[in-house]
Trainee: 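Below you will find the structure I want to go over with you.
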Amino acid sequence: MKLKTFIISAIAVIGMATTAFAKGKTTTDNTDVNISPDTEAVAEHDMNVYGPGYTDGDKFEGLTRKVGFDCMIPPHALEVSYDKTTHIIFPAEISYVDLGNENLVAGLADGAKNVLRVKSAFKRFKTETNLSVITTDGSFYSFNVKFAKEPLLLNIEMTDFLHDGEAVNRPNNAQEIYLERLGSESPMLVKLIMKSIHKQNKREIKHIGSKRFGVQFLLKSIYTNNGLLYFHTEIKNTSNIAFDIDYVSFKIVDKKVIKRTAMQEQVLEPLRAQNYVTVVSGKQSERTVFALEKFTIPDDKQLVIEVAEKEGGRHQSFVVENEDIVRANVIDELSIQ
């Protein structure tokens, strides 16, 4: 009797365990089956792109969103050699360079701040590496780099990302980097504004300028936008002798200077310049747009803008009062051409 009771109890326990296992298996099967078709499609696409070893982010913990291809900046292909140097010319000054590993050596070309020279550090390397560059106009460039005994391209000029300002007409890697010197302003927008001011060529200020020795230096307009001031200037050379520009300076100085007292000067450095020229040929004129940090002038001081001739005496300068600064026209970003 006791043996019969034990056998019946054992069968009951086994039956319960079998039922529990069956339920667990059924739940697991339902979970595997209950997968969104969209998820299956994405997984299949990623497997096709990355190969069978793709893990689909399973090494991340917690709620993690996978970076999609719409966020990707496609890199350029670049070949480098040990015996030859590859030069990359950028449309703006280089402010940052990162090399993927020790297989590459790179540096700025002597005397040129927008030319990067790159070559292999070894006579050969097998593993592909990368190179990243940021320029002062806020553009980000990415390269995948391979070794080639005879690179197909040795001198490369990167095109300017700025077309008409519309995203559809810009390459996929036209990434904007915000730079500290420009505060909260986008470098790409600053460049658009300056190009627009230069293109429209409006003379809204007619009382500020200087003229001597056949050279005229004018302030055509002042604009403001998002913490920056834009000064549109023009140099007209009516003489037959070329006017070689040594420098253009912006200084806040005292209005009245007592004799034997040193003049107090505050030099303002332009952040950007559109169409900055170094020479104005005879019977020609040139215009430049300068971008500076926003400022105002105390009552006892004034802004002096000066252009100096290199190895010459035809220097030009004019004075800008505070009332001219505060009357700067506000730029409507929607109307920028």
Side-chain angles (χ1 to χ4, degrees), residues 46 49-51 53-55 57 59-60 64-163 165-192 271-272:
D46 291 339
V49 173
Y50 293 111
Y54 181 63
T55 60
K59 294 183 180 179
F60 293 97
T64 305
R65 181 181 179 183
K66 183 175 61 178
V67 177
F69 281 94
D70 58 332
C71 301
M72 178 183 176
I73 301 176
H76 296 277
L78 183 66
E79 295 179 334
V80 296
S81 171
Y82 179 78
D83 296 313
K84 296 182 179 180
T85 301
T86 300
H87 287 85
I88 310 174
I89 305 170
F90 295 91
E93 183 178 335
I94 298 168
S95 61
Y96 169 89
V97 176
D98 179 77
L99 305 178
N101 58 26
E102 68 279 359
N103 290 335
L104 301 179
V105 290
L108 295 180
D110 296 339
K113 296 182 180 180
N114 68 317
V115 180
L116 185 70
R117 46 189 176 87
V118 188
K119 65 187 309 181
S120 172
F122 304 97
K123 291 188 175 181
R124 178 175 293 275
F125 64 84
K126 295 182 179 180
T127 306
E128 180 181 300
T129 184
N130 72 322
L131 167 68
S132 301
V133 177
I134 296 176
T135 54
T136 55
D137 64 353
S139 298
F140 179 88
Y141 300 81
S142 176
F143 302 86
N144 279 341
V145 188
K146 285 187 175 182
F147 180 89
K149 187 175 181 181
E150 290 292 337
L152 180 64
L153 304 175
L154 285 177
N155 303 305
I156 303 168
E157 183 175 8
M158 304 305 297
T159 56
D160 193 342
F161 286 154
L162 185 65
H163 296 281
E166 297 181 8
V168 294
N169 288 330
R170 291 168 56 192
N172 291 330
N173 59 341
Q175 179 65 34
E176 289 187 61
I177 307 297
Y178 283 69
L179 305 175
E180 184 177 356
R181 292 190 68 194
L182 296 180
S184 61
E185 188 67 291
S186 159
M188 195 64 68
L189 180 58
V190 171
K191 194 168 185 178
L192 270 172
L271 304 176
R272 294 286 190 275

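Below, each value reflects all heavy atoms present in this structure, side chains not excepted, and no hydrogens, waters or symmetry copies.
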Trainee: May I ask you to test the Met158-Thr135 pair for a side-chain heavy-atom distance under 4.5 Å?
Mentor: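 Met158 vs Thr135: side chains apart.
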Trainee: Go through the steps to decide whether Thr129 and Leu99 satisfy the test side-chain contact (heavy atoms from CB on, under 4.5 Å), and finish with yes or no.
Mentor: CA-CA 8 Å; Thr129 184; Leu99 305 178; over 6 Å; no
Trainee: Considering only residues two or more places apart or on different chains, which pairs with a residue in residues 96-114 satisfy salt bridge (charged side-chain N to carboxylate O under 4.0 Å, His left out)?
Mentor: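 Counting only pairs at least two positions apart or across chains, no salt bridge (charged side-chain N to carboxylate O under 4.0 Å, His left out) contact touches residues 96-114.
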Trainee: Show me the pairs that pass salt bridge (charged side-chain N to carboxylate O under 4.0 Å, His left out) and involve residues 84-97, at least two apart or across chains.
Mentor: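 Passing the test, one end in residues 84-97: Lys84-Glu150.
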Trainee: Would you tabulate the side-chain donor-acceptor contacts of residues 115-125 under 3.5 Å, counting partners in other chains and residues two or more places apart, or write 'none'?
Mentor:
unit_1: Arg117; atom_1: NE; unit_2: Leu108; atom_2: O; d: 3.4
unit_1: Lys119; atom_1: NZ; unit_2: Tyr82; atom_2: O; d: 3.4
unit_1: Ser120; atom_1: OG; unit_2: Phe122; atom_2: N; d: 3.1
unit_1: Ser120; atom_1: OG; unit_2: Phe122; atom_2: O; d: 2.6

Trainee: For the CG atom of Asn101 and the OG1 atom of Thr127, what is their distance to the nearest 0.5 Å?
Mentor: 7.5 Å
Trainee: Before you tell me yes or no, could you show the steps for Thr85 and Leu154 under side-chain contact (heavy atoms from CB on, under 4.5 Å), namely the whole-Å CA-CA distance, both residues' side-chain angles and the distance that decides it to 0.1 Å?
Mentor: CA-CA 7 Å; Thr85 301; Leu154 285 177; over 6 Å; no
Trainee: Say whether, by atom type as modelled, one donor and one acceptor occur between the side chain of Asn114 and the main chain of Ala92 under 3.5 angstrom.
Mentor: no
Trainee: Are the side chains of Glu128 and Val145 in contact, using a 4.5 Å heavy-atom criterion?
Mentor: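 The answer is no; the side chains never approach within 4.5 Å.
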Trainee: What is the distance from atom CD1 of Ile134 to atom OG of Ser142, rounded to the nearest 0.5 Å?
Mentor: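 Here the rounded value is 11.0 Å.
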Trainee: Do Val80 and Leu104 make a side-chain contact, defined as non-hydrogen atoms from C-beta onward lying under 4.5 Å apart?
Mentor: yes
Trainee: State the CD1-CD1 distance between Ile156 and Ile89, to the nearest 0.5 angstrom.
Mentor: 9.5 Å
Trainee: Going from CZ on Phe90 to OG on Ser139, what distance comes out if it is rounded to the nearest 0.5 angstrom?
Mentor: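 Phe90 CZ to Ser139 OG: 10.0 Å, rounded to 0.5 Å.
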Trainee: Spell out, as yes or no, whether a donor-acceptor pair under 3.5 Å connects the side chain of Glu79 to the backbone of Leu152.
Mentor: yes
Trainee: Nearest 0.5 Å, please: how far is CD1 in Ile88 from CG in Leu131?
Mentor: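 Between atom CG of Leu131 and atom CD1 of Ile88 there are 5.5 Å.
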Trainee: Which heavy atom of Ala148 sits nearest to which heavy atom of Ser81, and what is that distance?
Mentor: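 Smallest interatomic distance, heavy atoms only, reads O-CB, 3.3 Å.
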Trainee: Under a 4.5 Å cut-off applied to non-hydrogen side-chain atoms, are Lys126 and Phe147 in contact?
Mentor: no
Trainee: With under 30° as parallel and over 60° as perpendicular, where do the rings of His76 and Phe143 fit, or are they tilted in between?
Mentor: tilted
